[in-house]
Amino acid sequence: MTMVIDGIHPFNFGMIADGGQAFRWNLQADGKYIGVVKNYVFEICQKDNKLIIDSNGGNNETEFIKEYLDLYRDYNKIEEEMMKFEELLPVVNYSSGYRILFQDPWETTISFIISANNHIRNIKKTIENICRAYGEPIEFKGEFYYTFPTPEILAGVSEDELKLTKCGYRAKYIIETAKIIASGHVDIYNFNNISTEEMRKKLLMLPGVGRKVADCILLYSMRKFDAFPIDVWIQRILEHIYFSDNRVSLTKLQKFAEDRFGEIAGFVQQYLFYYARNCWQA
DNA sequence: AACCAGGTTATAA
DNA sequence: TTATAACCTGGT
């Protein structure tokens, strides 16, 4: 089916898809993006403030994709809040149109375990390999796409076999985490009534999940917008803007961002990241 | 050839 | 509590 959603602003799907929060969107030769989300395949084409979305299923994905794309949130208001920090004016201006997707916690957890000390190109390739090997096929416009496998399935894979997907030393983390989640020992789907800090503690129990990965999971799949993942780019840009390019420890930066940006820290992080990677040179 | 990339973990001061 | 090295993989 095809759906058309109009009047979205600010919104730039290219930034959202390639901005590093999701790894399963691919730009086609025709300028449209195709991605697998849950057990759906979506093809998204943006023209100005209009989205034309094609998908494999019936009509029930409209609500789903709107939530996924965070279309119900007023980003004008969020950008206004961010611009109250004068030093962020060029950042907000440059990164306007970015949105934080509402992704699946399990897929996000494994994806960001894979992301540790890794390149985006490798991350995407490994995730694609995992889906092809262990996911379910979906047909869309004559092509086959693959869902992200369940915790139960990855919990049953051997380390040597999983390493064929090029995840390297992260294989044991992925399998152990899958076992913990499949067993129900850590419930990553019950996050709505739990504070960010409490949920973070649970996530840190998973092997391969440290502070940065935990905050990515909180921000990209649990709508914990006070989470502030600090990777090397965020570290560099924070040191540049706020500490005269001096080296500052991660824990200190973490506290600094938490205090300064509070409830909108996650949005600030996203805008800063996009700005740091694509515009500013260290 | 050596080094690095969107970190985590184990080990030592 | 804070600092340092090792770690799969693929590219320069």
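All values reported here derive from a predicted model rather than from experimental measurement. Throughout, a chain's letter reflects where its sequence line sits, starting with A, and its residues are numbered from 1.
If you check B:dA1 for Watson-Crick or wobble pairing at under 3.5 angstrom, you find it has no partner at all. Pair assignment for B:dT8: C:dA6, on the basis of Watson-Crick or G-U wobble contacts that are both within less than 3.5 Å.
A straight line from CZ of A:Arg247 to C1' of C:dA3 spans 12 Å, rounded to a whole angstrom. Look at CZ on A:Phe112: it is 15 Å from C1' on B:dA5, rounded to the nearest Å. Between the CE atom of A:Met205 and the P atom of B:dT8 there is a distance of 17 Å, given to the nearest Å. For the pair A:Leu164 CG and C:dC8 C1', the computed distance is 13 Å after rounding to whole Å. Between A:Ile114 atom CD1 and C:dC7 atom C1' there is a gap of 16 Å when expressed in whole angstrom units. Taking atom CG of A:Leu203 as the reference point, atom P of B:dT9 lies 12 Å away to the nearest angstrom. Counting to the nearest Å, the C1' atom of B:dT8 and the CD1 atom of A:Ile217 are 13 Å from each other.
Evaluation of atom-type donor-acceptor distances gives a pair under 3.5 Å for the side chain of A:Tyr169 against the base of B:dG7. Side-chain N/O atoms of A:Arg121 and base N/O atoms of C:dG10 include no donor-acceptor pair closer than 3.5 Å.
Minimum atom distance to the side chain of A:Val213 is reached by B:dG7, of the listed B:dG6, B:dG7, B:dT9. The side chain of A:His119 lies closest to C:dG10, out of C:dC8, B:dG7, C:dG10. Candidate nucleotides B:dG7, C:dG10, B:dG6 were compared by shortest atom distance to the side chain of A:Phe273, and B:dG6 ranks first. Distance from the side chain of A:Lys166 is smallest to C:dT9 among B:dG7, C:dT9, B:dT9.
Nucleotides C:dA5 and B:dC4 have their C1' atoms positioned 15 Å apart, rounded to a whole Å. Separating the P atom of C:dG11 from that of B:dT8 is a span of 24 Å, rounded to the nearest Å. Nucleotides C:dC8 and B:dT11 are separated by 15 Å at their P atoms, to the nearest Å. Taking atom C1' in both C:dT2 and B:dG6, one finds a spacing of 23 Å when rounded to whole Å.
In this structure, A:Tyr68 and A:Trp25 have tilted ring planes: the angle between them lies in the 30° to 60° band. Classification of the A:Tyr173-A:Tyr169 ring pair by plane angle, with boundaries at 30° and 60°, yields perpendicular. Taking the six-membered ring where tryptophan is involved, the planes of A:Phe225 and A:Phe267 are essentially parallel, since the angle between them stays under 30° and well short of 60°. Using cut-offs of 30° and 60° on the angle between ring planes, the pair A:Phe102 and A:Phe191 is perpendicular.
A salt bridge between A:Asp54 and A:Lys141 is present, with a side-chain N of the basic residue lying under 4.0 Å from a carboxylate O of the acidic one. Taking 4.0 Å as the cut-off between side-chain N and carboxylate O, A:Arg132 and A:Glu128 count as a salt-bridged pair.
Contact annotation for A:Asn122: base contact, defined as any heavy-atom pair under 4.0 Å involving a base atom. No contact: A:Pro229 has no heavy atom under 4.0 Å from any strand. Among the heavy atoms of the strands lying under 4.0 Å from A:Gly208 are primed sugar atoms or P, OP1, OP2 only; no base atom is included. Counting non-hydrogen atoms under 4.0 angstrom, A:Ile234 reaches nothing in the nucleic acid.
Distances shown here put every side-chain N or O of A:Arg211 at or beyond 4.0 Å from the OP1 or OP2 atom of B:dT8. In this model, the phosphate group of C:dG10 is approached by a side-chain N or O of A:Lys125 to a distance below 4.0 Å at OP1 or OP2.
Nearest-nucleotide positions on DNA chain B for A:Ile123 and A:Leu204 put A:Ile123 closer to the 5' end. Both A:Pro207 and A:Cys216 sit near DNA chain B, but only A:Cys216 has its closest nucleotide nearer the 5' end.
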